[in-house]
S.K.: 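Sending over a structure as structure tokens; questions will come in a sec.
Letters go in sequence order (proteins before strands), and every chain restarts at 1.
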Amino acid sequence: MNKEKDVQIDWTRLHEIIAEYGDEKWSLIPMLQKIQNEFGYIPPQAIPVIADKLKLFPSEVQGVISFYAQLYTEPRGKKTVRVCRGTACHVRGGKTILKLVKQHLGIDEGETTDDLEYTLETVACIGVCALAPSMVIDQHVHGRMNPKKVGQLFKQKGEQHEST
Amino acid sequence: MQPVTLTINRQEVSGHPGMTILELARESGINIPTICHHAKLAPIGACRFCLVENEQNGALLASCVTPIAPGMIINTESPRVLEHRKMILKLILASHPDSCLVCDKGNQCQLRLLAADLGIGLIELDRIPQPAVTEEVNPFIVRDMSKCILCARCIRACQELVIEGALDYFGRGFKAKPATLNNFPLEYSECTFCGTCVALCPTGALMEKEALYRGAIGDAVQTTCPYCGCGCSISLEIKDNQVARVKPAFEEQDNQEALCVKGSYGCDFIHSPKRLTKPLIKVNGDFQEASWEEALAVVAGAFNKIKKEHGADSLAVLGSANCTNEENYLLQMFARCVLGTNNIDNGSSLYYNATLRAFSESFGFPGITHSLKDLEQAEVILLIGASPEASAPLVNYLIKRAVKLRGAKLIVIDPRRTKLTFFADCWLQPKVGTDLALLNSLAKVIIEENLIDHEFVARKTDKFQLLAEILGNYPLEMGEAVTGVGVEQIRQAARLYAAAGKAAIIYGTGITQQALGVESVKALINLTLLTGNIWRKGGGLHALQRDCNAQGACDMGALPDYLPGYQHVGEAEARNIFETRWDVILPSTPGAGALEIIRQSREGKIKGLYITGENPLAGFPQAALVKEALATLEFLVVQDLFLTETAKLAKVVLPAAGFAEKEGTFTNLEGKVQVIRKAIDPVGESMPDWEIILQLAGAMGKPLPFSSLQQVMDEIRELVPLYRNDRETNAPEEEDLWDTRFDYKLPLKTFPGFSLAEYAPPAGAPDDSYPYILLAETSLYRSGSGVRSTNSRRLSKYSSSFKLRINEVDAQKMGLSSGDQVRVVSPDGQLQAAVEITGSLPEGTVALPRSVPEHPVTGLFSSLPEAAAKTSARKTCYVRIERS
Ligand code: SF4
Ligand code: SF4
Ligand code: SF4
Ligand code: FES
């Protein structure tokens with residue numbers, strides 16, 4: 001989880017965003033959203049700064065971030081891969097698909113590849129059970145997945161990983 | 001307000017609107033089991049364990065958050081309620097680990113008690129896998145989140161009571177747990193190890209680490225914390241004549257609900273193997289154990305001989321801000337009646353003298369104006385020259401509660417960034433040592449902008465014109481030039497303070513230990529007089545005190561110029577009362593104070609010294625000179641818990657019993673007299689100080705007229721005006737009086753006077769050879785001269801390193817990095833320390849911790865002052881830093 005990705009963040013821009021908001025406590029969520037929109041995630045280093053501005057405890061700010069599934073404290077990949085673990089997918093080998101995706105990307109659920117290409121997640125059901133097993137990359141649904149298709153989708157990725 | 005009437009368990013009861021069902025039930029003697037609820041915390045209704053049924057409509061209600069309503073028919077034990085309660089507990093237990101049987105919380109675990117109550121044994125539900133124990137290296141607290149039941153008591157304790165904000169929920173749903181920022185171990189978080197969350201956690205998820213005992217405990221004794229002047233009520237849990245655990249005494253009426261790390265985990269000094277257990281007599285340079293008779297005979301013989309050969313004033317006594325009121329009372333009697341000298345003082349005079357002198361000159365009596373409870377009403381709090389987060393943690397909590405929970409405004413005047421500057425609405429950073437100039441500037445703005453309380457100033461004060469005139473000619477720009485604080489900021493702070501209806505001032509050793517200590521306290525008094533705040537509840541002046549009984553020691557007359565109750569030794573009338581009672585002639589000229597005693601010892605004028613519970617070698621300026629002085633003495637006797645650096649120089653060392661081993665009273669920094677109760681027998685052959693003093697007086701052939709402690713207490717109540725009444729029952733109700741000390745019926749001056757002293761730059765201003773200002777900082781993990789905190793296993797383990805804090809820019813200039821060893825050199829001494837780089841100090845300022853006996857930072861301060869100037873700067877000095 002705490003994999004140190006040596007990401008430099010743009011402090012100037014961060015301070016600018018924070019300065020746009022008043023110091024009322026309810027500014028927190030909009031401020032977090034704005035930061036996430038620009039940075040793609042909420043850099044953990046930003047938490048104490050946000051807390052200081054709103055006179056909240058850093059742990060409180062972290063608590064709020066961790067409460068919302070849509071707020072992240074780790075950099076996200078350019079693309080989000082969501083593998084379905086609904087019942088239909090499960091009986092049709094969804095688990096194997098997930099395992100293969102993990103292997104190809106070299107990351108676990110909830111993680112992001114080092115080159116910030118992909119973030120891997122699972123979802124309860126994406127509602128295309130007819131196409132099970134399925135997964136979504138960004139907005140594109142890929143149905144009737146099989147090991148070969150996984151290989152093709154992540155071909156380049158897989159090779160990169162083998163060579164590093 | 002109309003009372004609300006309803007039925008609980010077929011019993012008609014009524015309460016006031018807004019009460020919860022739980023509150024009313026408990027008030028009516030009906031018990032509803034709870035888990036997440038705690039009387040000292042805001043209710044959140046998380047666990048639903050407190051369910052009750054409203055038989056009107058069959059609704060199940062969480063009683064801790066549901067207000068009462070007329071006509072409700074509540075059943076707290078209906079079959080449905082019981083069934084639900086059982087189910088909830090089973091669910092909680094299902095995710096609880098199997099390590100229950102070996103859990104240290106043992107029969108203190110609320111979960112186990114409740115399960116036993118409901119007859120739940122083996123759990124038939126499937127276990128839910130749980131996270132592992134968090135690795136923590138701190139010696140105080142261990143967390144095992146697998147035992148957490150998500151009641152959030154710890155989070156509320158941390159956010160509502162001590163307001164450190166170290167904990168909050170992390171994650172959602174099943175995964176949610178109380179966590180620190182980044183889920184790091186506590187020692188990397190804001191946690192100060194106050195132990196409040198541990199005391200409130202109903203399960204074994206949060207537990208005390210390295211406790212002396214595990215499992216079941218027998219009795220608990222309520223007493224008072226022996227560390228700082230806040231005087232928190234603590235509960236000592238006793239097993240086999242040992243203090244096994246310390247907890248906040250939540251039941252105690254006046255307790256402020258939370259302790260700090262010293263109270264919670266620092267009392268283990270009681271059972272340190274280093275405690276003195278037998279009297280020691282030095283023979284040929286080595287200590288040999290002796291019986292009490294032998295030791296006391298040696299002391300008595302020596303004191304009698306010195307008195308006969310050189311007169312009474314060649315003897316002196318150093319009393320203790322850590323001993324009880326009764327002991328200090330006896331000690332000053334011993335000095336005045338048995339030895340016949342006014343050469344008596346206590347260690348608190350090093351920081352409390354400035355307050356005593358300024359108060360008695362301005363108000364006519366030295367003492368306290370307001371109680372800590374008054375802070376609850378303050379709209380503005382001005383904090384100056386104080387680090388309550390280290391020296392008076394309870395006051396720190398009260399300030400933060402006022403700001404965070406009540407929206408009070410905080411003005412912090414401190415060159416350093418501290419945890420409290422985070423809470424400040426206004427933070428002024430004057431150059432070190434220039435507070436007086438800043439305070440005078442604030443007064444000037446208040447007068448110039450007409451922010452004064454005219455009626456109060458006209459009717460109740462004296463010499464206003466004089467002040468206004470002098471300040472009229474004083475340009476604010478000069479204030480700016482001296483202090484480095486901008487004129488506009490000065491104005492803002494002054495307006496904030498003066499515009500508030502009720503504004504309190506809190507100050508500490510940063511003011512009183514300056515060279516201009518008395519003058520600075522008077523400047524603070526000016527502010528309270530100008531705005532009328534001295535008279536109001538929620539206003540006033542609070543002086544922080546480092547030692548648990550600094551106030552009491554002074555009240556009891558362990559001072560060179562005052563008899564008990566601040567009656568001057570020079571006043572025949574005052575002397576008369578005591579002379580009649582004690583049947584002696586009392587010495588009428590003020591004696592030598594603490595530093596003067598050291599000075600006269602060095603000169604050979606004082607030849608015999610009796611020190612109880614003080615460690616001047618570590619606590620006084622100029623350790624080397626103090627050592628020389630004590631070594632010059634013909635006879636030194638030291639009475640203490642430990643063989644301190646000071647005790648090592650003595651001819652005779654007497655083992656004293658600790659606070660848990662005796663009875664008595666302490667008076668805290670707000671003037672509240674609190675009880676010390678005996679919890680265990682004295683360690684080894686040690687004896688309470690009061691008993692030793694009585695026996696010593698007897699051995700000298702001049703017994704003091706008491707045969708029990710109660711008799712001493714009775715005499716104090718009779719003869720000391722401040723203690724004349726039983727204050728617990730006689731506290732006045734009137735709203736607008738100074739309630740803490742006013743009921744002492746002291747002759748308060750009706751017209752407190754303004755006074756003005758101008759700022760003068762300190763002697764020995766920085767030159768190139770000593771370019772840095774050194775601050776001696778109080779550390780949360782240490783106290784006083786460090787005798788007890790060093791002997792607390794856990795406190796000393798956690799703060800063993802001795803570090804010089806230095807600003808990053810300065811460090812860069814000198815090419816220093818963290819951990820480098822340096823020599824800190826002042827004109828008067830030098831010390832070795834490791835570098836710690838910080839962003840919280842301004843450039844040009846460095847800081848070292850005080851209260852580390854092996855590295856007495858006081859050794860860097862300038863030589864003993866001349867007799868006239870009783871205070872000298874003991875907070876700051878100029879230094880240079882050399883690599884070593
Ligand atoms: S750690 Fe203890 S106090 Fe905190 S939520 Fe868990 S059970 Fe409650
Ligand atoms: S010990 Fe005190 S500061 Fe630390 S987490 Fe618990 S309540 Fe907060
Ligand atoms: S605040 Fe002071 S009195 Fe209270 S527990 Fe801490 S050291 Fe003891
Ligand atoms: S005690 Fe009422 S909900 Fe927990």
S.K.: Look up atom CG in B:Leu259 and atom CG in B:Leu394, then write down how far apart they are to the nearest 0.5 Å.
M.R.: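 Here the interatomic distance stands at 9.0 Å.
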
S.K.: Go through the atoms of A:Pro44 and report whether side chain, backbone, both or neither lie under 4.5 Å from a heavy atom of chain B.
M.R.: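 For A:Pro44, the contact with chain B is made by the side chain alone.
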
S.K.: Does a salt bridge link B:Glu488 with B:Arg495, judged by any charged N lying under 4.0 Å from a carboxylate O?
M.R.: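 Salt bridge: yes.
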
S.K.: Can a donor-acceptor pair be found between the side chains of B:Thr180 and B:Ser189 at a distance below 3.5 Å?
M.R.: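 B:Thr180 vs B:Ser189: no donor-acceptor pair found between side chains.
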
S.K.: How many angstroms lie between atom CG of B:Leu206 and atom CG of B:Leu186, to the nearest 0.5 angstrom?
M.R.: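 One gets 8.0 Å once the value is rounded to the nearest 0.5 Å.
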
S.K.: Under a 4.0 Å N-O cut-off, is there an ion pair linking B:Lys400 with B:Glu164?
M.R.: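 Salt bridge between B:Lys400 and B:Glu164, a charged N being under 4.0 Å from a carboxylate O: yes.
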
S.K.: With a 4.5 Å heavy-atom cut-off (strictly below), which parts of residues 61-68 of chain A touch chain B? List them by number.
M.R.: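 From residues 61-68 of chain A, the residues near chain B are A:Gln62, A:Gly63, A:Ser66, A:Phe67, A:Tyr68.
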
S.K.: Any salt bridge between B:Lys404 and A:Glu60, counting N to O under 4.0 Å?
M.R.: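 Salt bridge present between B:Lys404 and A:Glu60.
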
S.K.: Let me know if B:Ile163 has heavy atoms under 4.5 Å from chain A in its side chain, its backbone, both or neither.
M.R.: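 Both parts, heavy atoms under 4.5 Å.
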
S.K.: Please find out if less than 6.0 Å separates the ring center of B:Phe193 from that of B:Tyr265.
M.R.: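 That pair fails the under 6.0 Å test.
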
S.K.: Under a plain distance cut-off of 3.5 Å, with no hydrogens placed, do B:Glu187 and B:Asn138 share a side-chain donor-acceptor pair?
M.R.: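 Their side chains do contain a donor-acceptor pair, which is all the 3.5 Å distance test asks for.
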
S.K.: Between A:Arg13 and A:Glu38 (salt bridge meaning N to carboxylate O under 4.0 Å), is one present in this structure?
M.R.: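 Looking at A:Glu38 together with A:Arg13, the answer is yes, because their closest N to O distance falls below 4.0 Å.
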
S.K.: Does anything in residues 417-426 of chain B get under 4.5 Å of chain A by heavy atoms, and if so which residues?
M.R.: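 So the qualifying residues are B:Thr421, B:Phe422, B:Phe423, B:Ala424.
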
S.K.: Tell me, for B:Glu190 versus chain A, whether the close heavy atoms (under 4.5 Å) come from the side chain, the backbone, both or neither.
M.R.: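 Interface part for B:Glu190: neither.
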
S.K.: Is any NZ, NE, NH1 or NH2 atom of the basic residue among A:Arg76 and A:Glu121 found under 4.0 Å from an Asp or Glu carboxylate oxygen of the other?
M.R.: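 A salt bridge is present here (some side-chain N lies under 4.0 Å from a carboxylate O).
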
S.K.: Does any donor atom in the side chain of A:Glu109 or A:Thr122 lie under 3.5 Å from an acceptor atom in the other side chain?
M.R.: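 Looking only at side-chain atoms, A:Thr122 and A:Glu109 do form a donor-acceptor pair, the distance falling under 3.5 Å.
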
